[in-house]
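All chains are named by letter (A, B, ...) in the order of the sequence lines, taking the proteins before the strands, and each is independently numbered beginning at 1.
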Amino acid sequence: MTVKQISVFIENKEGRIKKAVNAISKEGINIRALSLADNTKYGILRLIVSDNEKTKEVLKAENFIVKETEVLVVGVKDEPDGLNSTLEIFENANINVEYIYAFVSSKTDEAIVVIKIEDYEEGIKALSKENANILTEEDINQL
Amino acid sequence: MIWNKNAECMSREEKEELQLALLKEVVKKAYEKVPFYTEKFDKAGFKVEDLQTLEDVSKIPFTTKDDLRKAYPFGLFAVPDEEIIEIHSTSGTTGTPVVSGYTKKDLDIWGECAARAIVMAGGSSKSKIQNSYGYGLFTGGFGIDHGAKTLGATVIPMSSGNTERQLKMMEDFQSDILTCTPSYALYLAESLEKKGVKPEEISLKAGIFGAEMWTEAMRSELEEKLGITAHNIYGLTEIMGPGVAAECIERNGQHIQDDHFYPEIIDPKTEEVLGEGVKGELVLTTLTKEGMPIIRFRTKDVTALRKDKCPCGRTTARIDRVTGRTDDMLKVKGVMFFPSQIETALLSINGLTANYQIHITRPKHLDVIEIKVETSPELFTDEMRGLDALEAKIAHKIQNTIGIRVNISLVEPESLPRSEGKAIRVIDERNFD
């Protein structure tokens, strides 16, 4: 039930993010969600895209370091307590959240949250018990 | 195989006898034919007759790079200009260029020395040598070329650059020996890898690499990536170019052609001659060069001299891998180290390459070292703390090696400049004004 996210090493240098994004969009690949973690010297660009294989291929061709990472994608109610109640599920199950980012889609009322945790088995178990809406790759492609 | 058993396997006694005879001859000729030496010897109170034993060599004054610069362009030639048939020169990036002139006999000897080097790497008259050293004023391309011709091997005069074509020729011509700078060899290896060509799909058996400093770790990497034995070769424009010394298949030091060059190791500060196995500055005297004899040239290269017999059967003296230059030595926060030490530390971490650059700055009158290191797919993790930990690990390793704290910056692969000649490893922006 996890989804494969693309992670890219980005040196803190003019034009690198644009170069990565440009390489992807030129191929007609759709970026569904994106986040950037950074310090003063470099960052990690994380992407949910419509075609992982193609994305890896075009980024590698441009000398980027690319990795696929497993993440959970969860639909949460787009209301004040939405995200909080999802995080509470992890907290109650003692599951550490490594990072999180969110996006919205016009095709659903829910906000879509991308979550990286250490233990997916436990995480999915906890979410399912609370009837959380875990999205699959097909679900995301419909958005 | 040994190219010239007589010369390369001569007993130490015989060799020293020959060296002394040749030294007497060359010192006398230099004194008589080159005003620079006349003046230098007279000023130092050295008389040609003072040279009676090899120990007496220490009485002869040194020749420095500055001396050679002052003689630019032809001031040190010992023969009429028309007897010179080939000229080489340093690039002059650090000052006035140094010029070297060769007579017909000098070129024959150069070819002989370079041929010995190629045979030491396993080459023969059947070899196809892809010569990717630059052809031109730089001695690299022509030096190997002269050696290949003396040997009767096939030389493919690629010169440096045009990597695409280098790879095509390597595959199409099935070259079995590659000669170039080690950093360019690494670049070619990476390019092959990128093309998906495996070491067993090319015909290379040996590489003869020189003209810049490299490390044992880099040797392992080159040997593995290209499926070759990688041999260090030594030479310098002032003396002859590649072939002055080179490694045999044992790869335990470079055999110096000591029937043509007389090596000494000195303490760079006291100028005292040091014993076997002691690290110091290499000093060379040409024993047979006609065009431009050089007496006791201070190479600034840091190495040690070994005279024990090599398992390969050769008795020629050997010099260790050059680990630094007396003037490359970096002094940061009062600590001396060589860039090669940083390279060794980096390569001890799995997944790191030898692509790095040292930046030294001095904000607020305190030295700061930043080392840019190219990261690799093996080392990349999706979490910032993973990358922070990697930086800390690299910094720790280097700190353990050189004893001072450094800042590490991970950069994207292939973002540091690759030169087709010498790699720029150090950028020192300290301003001491």
CA sep, side-chain torsions, deciding dist, call: A:Val66, B:Phe380, side chain to side chain contact (heavy atoms under 4.5 Å, CB included):
CA-CA 8 Å; A:Val66 187; B:Phe380 176 55; over 6 Å; no
Return yes when atom [atom1] of [X] has more than 12 non-hydrogen atoms of other residues, nucleotides or ligands closer than 6.0 Å, and no otherwise.
| X | atom1 | value |
| --- | --- | --- |
| B:Asn350 | CG | no |
| A:Glu14 | CD | no |
| A:Asp109 | CG | no |
| A:Lys77 | NZ | no |
| A:Glu121 | CD | no |
| A:Lys129 | NZ | no |

Residue pair A:Phe9, B:Leu387: steps toward the side chain to side chain contact (heavy atoms under 4.5 Å, CB included) verdict:
CA-CA 10 Å; A:Phe9 180 83; B:Leu387 292 177; 4.0 Å; yes
Could you state the interatomic distance from CD (B:Glu383) to CD1 (A:Ile44), rounded to the nearest 0.5 Å?
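Here the rounded value is 7.5 Å.
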CG/B:Asp382 to CD1/A:Ile6 distance, rounded to the nearest 0.5 angstrom?
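One finds 10.5 Å between CG of B:Asp382 and CD1 of A:Ile6.
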Shortest non-hydrogen contact from B:Leu410 toward A:Glu11
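That closest heavy-atom pairing would be O-CG, 4.3 Å.
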State, to 0.1 Å, how close A:Asn63 and B:Lys194 come at their nearest heavy-atom pair, and which atoms those are.
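That closest heavy-atom pairing would be OD1-NZ, 3.7 Å.
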Region of A:Glu68 in contact with chain B, defined by heavy-atom distances below 4.5 Å:
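Neither part.
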Counting only non-hydrogen atoms closer than 4.5 Å, does A:Asn12 touch chain B with its backbone (N, CA, C, O), its side chain (CB onward), both, or neither?
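Neither; nothing under 4.5 Å.
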Within a strict 4.5 Å, meaning less than it, do heavy atoms of the A:Ile65 and B:Pro377 side chains meet?
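They are in side-chain contact.
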Structural part of B:Thr381 lying under 4.5 Å from a heavy atom of chain A
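Contact with chain A involves the backbone of B:Thr381 alone.
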Which atoms of B:Leu379 come close to chain A, meaning under 4.5 Å heavy atom to heavy atom: side chain ones, backbone ones, both, or neither?
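Interface part for B:Leu379: neither.
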Taking NZ, NE, NH1 and NH2 as the nitrogens, is one of them in A:Lys13 or B:Glu412 under 4.0 Å from a carboxylate oxygen of the other?
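Between B:Glu412 and A:Lys13 there is no salt bridge, as every charged N stays at least 4.0 Å from the carboxylate O atoms.
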